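All values reported here derive from a predicted model rather than from experimental measurement.
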Amino acid sequence: MQELIAQLKHNRTGLVIGGLIGLLSGGPVGLLLGGTVGFLLQRALRRKLQDYNPQQLFFRATFSVMGRLAKADGRVSEQEIRFAREVMTRMGLSDARKRDAIACFNEGKDEDFDLAQVLRPLSILLRNRAAVKLMFIEIQLQAAMADGEVSPAEQAVLQQVFTLLQFTPEEVELLMSRMRAEDAFRRHSWESHQQSGFNSAGLLEDAYGVLGVSADATDAEVKKAWRKLMSQHHPDKLIAKGVPEDMVQLAKERTQEIQAAYDRVKSARGMR
């Protein structure tokens, strides 16, 4: 009942206009029919517009593709479910927004889910928004790595995503390398705080990988890579380009990880 009342309030303009037209043309019966038709038309139009709302498109695609990846090898693991829940928690979603995310995730798990139908409009939207496209694919790669490995079935789904979002093979290779390094850097950073005498050489190697440069890079090249990544993942810039506001925390976490990797490299090199 409460949901119905909320729907009526949300679409009251269509309800009133349709009701008035119906009243003028058909009396009390026309009022009822016109109000119903006006309500349904406004609700349908609102839903259609939401499908092309940049933030709604990004939100739906994020969780539905995540669901598709989780179901790719036939079984959704506990780690994959946990990762999806953690993302929702880190985003600070309200209960209602969390239900929307779960619905999108379940949509992606459905056998009839059409990946292209969701990603083609997103691809058009992100054509000139490289940083937003990058954030989207980074989330999906983290989801694919949630259970410790990327299965062949998940790789096939990822390849579809890369193709639909028009990533070049070179971009894919660099991105995959960086994401693996980031995953290792995160794990090794945690281990370094838990174990005495931890060998930090591997952690430094991971840090270079996070920045997408080799240990042979010059200080100037390291700094340039760091600045580029920080700019690409700047929360305010991402929101301005269509990333939902409830994903700000994810963007902040990414910049913190990039900064931590840079600080590790900078310290090892004695850079100022």
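A cation-pi arrangement is absent between Arg264 and Phe185 under the rule of less than 6.0 angstrom and at most 45 degrees off the ring axis.
Shown here for Arg269 and Ala217, the closest heavy-atom pair between the two residues is NH2-O, 2.5 Å. The minimum heavy-atom distance between Ala146 and Gln79, with the atom names listed, is O-CB, 3.6 Å. Of all the heavy atoms in Phe105 and Ala70, the pair that sits closest is CZ-CB, 3.8 Å. Smallest separation of non-hydrogen atoms from Lys237 and Ser231: NZ-OG, 3.0 Å. Residue Gly67 comes nearest to Lys109 through the heavy atom pair O-CG, 3.5 Å, listed as atom of the first residue, atom of the second, then distance. The heavy-atom pair separating Ala153 from Ala72 by the smallest distance is CB-O, 3.5 Å.
With contacts defined as side-chain heavy-atom distances shorter than 4.5 Å, the pair Thr62/Met247 qualifies. For the pair Phe59 and Arg97, the minimum side-chain heavy-atom distance is below 4.5 Å. Two residues are said to be in side-chain contact when any heavy atoms from C-beta on lie closer than 4.5 Å; Arg129 and Phe58 fail this criterion. With a 4.5 Å cut-off on side-chain heavy atoms, Leu69 and Gln140 count as touching. Between Leu164 and Ser123, the closest side-chain pair of non-hydrogen atoms is not below 4.5 Å. Contact of the Gln159 side chain with the Gln155 side chain is not registered, since no non-hydrogen atoms from C-beta on lie closer than 4.5 Å. Phe63 places a side-chain heavy atom less than 4.5 Å from the side chain of Met88. By the 4.5 Å heavy-atom criterion applied to side chains, Phe136 and Val65 are counted as neighbours.
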### Query
Could you walk me through whether Gln142 and Arg186 pass the side chain to side chain contact (heavy atoms under 4.5 Å, CB included) check?
CA-CA 12 Å; Gln142 287 177 338; Arg186 196 180 300 115; 3.5 Å; yes

### Query
Which is it for Arg180 and Asp183 under the salt bridge (Lys or Arg N to Asp or Glu O under 4.0 Å) test, yes or no, and what are the steps along the way?
CA-CA 5 Å; Arg180 289 192 186 98; Asp183 182 60; over 6 Å; no

### Message
I'd like to know whether Gln232 forms a side chain to side chain contact (heavy atoms under 4.5 Å, CB included) with Leu229, so could you lay out the CA-CA distance, the side-chain angles of the two residues, the decisive distance to 0.1 Å, and finally the verdict.
### Response
CA-CA 5 Å; Gln232 288 175 330; Leu229 287 171; 3.5 Å; yes

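Tyr208 and Leu203 fall into different hydrophobic clusters, where Ile, Leu, Val, Met, Phe, Trp and Tyr are joined by side-chain heavy atoms under 4.5 Å apart, directly or via other members. Under a hydrophobic clustering in which Ile, Leu, Val, Met, Phe, Trp and Tyr are joined whenever their side-chain heavy atoms come within less than 4.5 Å, directly or via other members, Leu211 and Met271 fall into the same cluster. Side-chain heavy atoms closer than 4.5 Å link hydrophobic residues (I, L, V, M, F, W, Y) into clusters, and following such links, possibly through other members, connects Phe167 to Val161. Side-chain heavy atoms closer than 4.5 Å link hydrophobic residues (I, L, V, M, F, W, Y) into clusters, and following such links, even through other members, never connects Ile258 to Met135. Cluster membership for Leu122 and Phe113, using ILVMFWY side-chain heavy atoms within less than 4.5 angstrom, is shared.
For the atom pair Ile137 CD1 and Phe162 CZ, the distance stands at 4.5 Å (nearest 0.5 Å). Here Leu119 contributes atom CG and Leu125 contributes atom CG; the two are 11.5 Å apart, rounded to the nearest 0.5 Å. One distance of note links CG of Leu250 with OG1 of Thr255; it measures 11.0 Å at 0.5 Å rounding. In this structure, Glu182 CD and Asp206 CG are separated by 10.5 Å, a value rounded to the nearest 0.5 Å. Leu158 CG to Thr163 OG1: the interatomic distance, rounded to the nearest 0.5 Å, is 10.5 Å. The distance from the OG atom of Ser77 to the NZ atom of Lys71 is 11.5 Å, given to the nearest 0.5 Å.
Sorted by first then second residue, the side-chain hydrogen bond (donor to acceptor under 3.5 Å, both in side chains) pairs that include residues 83-93, not counting sequence neighbours, are Arg90-Glu253.
Looking at Ser177, its side chain never comes within 3.5 Å of a backbone N or O of Glu173 through a donor-acceptor pair. Between the side chain of Ser64 and the backbone N or O of Glu107 there is no donor-acceptor pair closer than 3.5 Å. Between the side chain of Arg254 and the main chain of Met230, no donor-acceptor pair closer than 3.5 Å is present.
With sequence neighbours excluded, the residues satisfying salt bridge (charged side-chain N to carboxylate O under 4.0 Å, His left out) with Arg178 are Glu138.
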In a table with atom names and distances, give each donor-acceptor pair under 3.5 Å that connects a side chain of residues 221-228 to protein atoms at least two apart or in another chain.
| unit_1 | atom_1 | unit_2 | atom_2 | d |
| --- | --- | --- | --- | --- |
| Glu221 | OE1 | Thr218 | N | 2.8 |
| Glu221 | OE1 | Thr218 | OG1 | 3.4 |
| Trp226 | NE1 | Gln259 | OE1 | 3.2 |

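Heavy-atom contacts from other residues, nucleotides or ligands closer than 6.0 Å to CZ of Arg120 number 12 or fewer.
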